[in-house]
Amino acid sequence: MNLKQINDLWTEYKNKYGIDSDRMIESVQYDTEEYVEGCFNLLELMDNQYILHLNPNIHLYNENYVKFILFHEFTHFYDFFHCPFEDKNEKLYFMNAYSEFHACKVTLARCINQYQLKLTDVDKIQIPGPYKEISIRTLLEESLYRVRYFMQIYYMSYEVNDFINAFRQLMYLFGYLSLFKNDDLLVEQTLRAISLTDERVPRLYKAMKDEELDEVVPLYKSIADDVILTYLRVSFRRYYDKEILPDEELEKITTENYRDYIRILNGRIRARNLVKGIVNEEDDIEAIAEEAAMISTILTQLSLLIL
């Protein structure tokens, strides 16, 4: 599918939803990761680069599924320009939470031409898949599987990027579930299935469904702040044993003071080695290098949630 065809569909999308905008997608690149069908890069959008990234295999999919993908991405394009927040980090939280939810909700609703589903519809209604039609039940089961899979990966390492992947999949599923008449029960069952007990998550779902956008960003930011703090403390425990960093002191590490703690703790290691007579100039140089590497690793992870 070439750029003109994509922009023709974007125009169709704008007409369908009454969107008054002369912005067009300026370029399409077939360069996404293996399991990503399509995306916009938020940093590119912020830099006024309207580039749509698609999976290189998209030309193998059936036409209706390609439209399914594109209407999802068009919703992100729309949401970016109608984001009520100016701050970069707030835009990031808005797009990673509400826009993912919104894109799945709008795309599925558009596909089935209705805004409310019953449980009896999950096997009756067929929607486009990559190569053949699938049931809504299949869509929901595959979506839940991906949520559980990425959550399990996250709990293995507490890496920020793994959280982002899991959270995105959860927003996808929430978008689909929002079309069901008994969605509150389905959301509750979903959170139970993935053993997620954070009371902020159902509140976030309700805020997105009710379009209470002023609630969405603070809730997501609160969740993300805890993810960052958990990552920091897990990382520190990997680097430093309890003799150097007791548990009670670990709980005092925050995103504001972690650099100071790295220097303090590395100083304790050097002092311990000095007492044992195993420190020399090369050890000091190596410690400084390790200190810089740890800070660099942490900053790389933090940058995924903080622009």
Side-chain angles (χ1 to χ4, degrees), residues 33-34 41-44 46-47 87-93 95-97 148-170 194-201 217-307:
E33 297 176 7
E34 183 178 1
N41 183 310
L42 186 56
L43 296 181
E44 290 176 346
M46 289 180 176
D47 198 31
D87 178 79
K88 285 187 175 182
N89 287 332
E90 290 180 336
K91 278 183 180 288
L92 175 70
Y93 295 134
M95 294 297 293
N96 284 347
R148 296 179 74 168
Y149 172 75
F150 283 109
M151 288 292 290
Q152 288 170 356
I153 291 177
Y154 169 65
Y155 287 134
M156 288 172 60
S157 63
Y158 292 98
E159 296 285 331
V160 175
N161 190 55
D162 293 332
F163 163 78
I164 292 173
N165 287 333
F167 185 84
R168 182 182 298 115
Q169 295 298 328
L170 184 59
I194 61 176
S195 301
L196 188 57
T197 58
D198 191 328
E199 56 86 22
R200 291 170 297 186
V201 177
V217 166
L219 280 169
Y220 182 29
K221 183 180 184 303
S222 174
I223 294 169
D225 286 347
D226 284 352
V227 167
I228 289 173
L229 190 57
T230 297
Y231 165 75
L232 277 175
R233 290 175 179 173
V234 168
S235 296
F236 269 78
R237 178 50 73 219
R238 289 188 187 125
Y239 274 89
Y240 304 107
D241 59 44
K242 292 186 179 183
E243 181 182 348
I244 295 297
L245 176 60
D247 286 339
E248 60 271 18
E249 196 169 6
L250 178 65
E251 295 301 312
K252 297 177 182 178
I253 293 174
T254 68
T255 54
E256 286 75 33
N257 65 20
Y258 76 91
R259 289 172 182 261
D260 293 333
Y261 265 99
I262 290 174
R263 287 188 285 271
I264 291 169
L265 297 172
N266 284 348
R268 290 178 186 172
I269 290 175
R270 289 193 291 272
R272 182 173 65 181
N273 290 344
L274 183 62
V275 170
K276 295 179 179 179
I278 56 173
V279 68
N280 55 41
E281 185 177 346
E282 290 183 359
D283 290 330
D284 282 340
I285 295 173
E286 184 176 340
I288 293 171
E290 288 180 356
E291 184 176 308
M294 184 176 179
I295 291 175
S296 176
T297 300
I298 289 173
L299 286 174
T300 298
Q301 286 290 313
L302 297 188
S303 69
L304 297 170
L305 279 172
I306 302 176
L307 290 178

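The distance from atom CD1 of I228 to atom OH of Y258, rounded to the nearest 0.5 Å, is 10.0 Å. Separation of atoms CZ (R148) and CG (L196) is listed at 12.5 Å; rounding is to 0.5 Å.
Y154 pairs by the ring pair (Phe, Tyr, Trp, His ring centres under 6.0 Å) definition with Y158, F163, not counting sequence neighbours. Residues passing the salt bridge (Lys or Arg N to Asp or Glu O under 4.0 Å) test with E251 are R233, sequence neighbours excluded. Residues satisfying the salt bridge (Lys or Arg N to Asp or Glu O under 4.0 Å) criterion with R200, sequence neighbours excluded, are D198, D226.
Side-chain contact between R168 and F150 is absent, with no heavy-atom pair separated by less than 4.5 Å.
Taking every heavy atom of both residues into account, E248 and K252 meet most closely at O-CG, 3.7 Å. Smallest separation of non-hydrogen atoms from L170 and V201: CD2-CG1, 4.1 Å. Pairing each heavy atom of N96 with each of F167, the nearest pair is O-CE2, 3.6 Å. Summarising the geometry of M151 relative to A166, their closest heavy-atom pair is SD-CB, 3.6 Å, with the distance given to 0.1 Å. For the residue pair I244 and R268, the shortest heavy atom distance occurs at O-NH1, 2.8 Å. Here the shortest heavy-atom pairing between E159 and R238 reads OE2-NH1, 3.8 Å.
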List the steps, then state whether side chain to side chain contact (heavy atoms under 4.5 Å, CB included) holds for L92 with Y220.
CA-CA 10 Å; L92 175 70; Y220 182 29; over 6 Å; no
Run the side chain to side chain contact (heavy atoms under 4.5 Å, CB included) test on L250 and Y240 for me, step by step, so that the C-alpha distance in whole Å, both residues' side-chain angles and the decisive distance to 0.1 Å come before the verdict.
CA-CA 10 Å; L250 178 65; Y240 304 107; over 6 Å; no
Apply side chain to side chain contact (heavy atoms under 4.5 Å, CB included) to residues L265 and Y239 and explain how you reach the verdict.
CA-CA 10 Å; L265 297 172; Y239 274 89; over 6 Å; no
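Counting heavy-atom neighbours within 6.0 Å of E33 CD, excluding the residue itself, gives a total of 12 or less.
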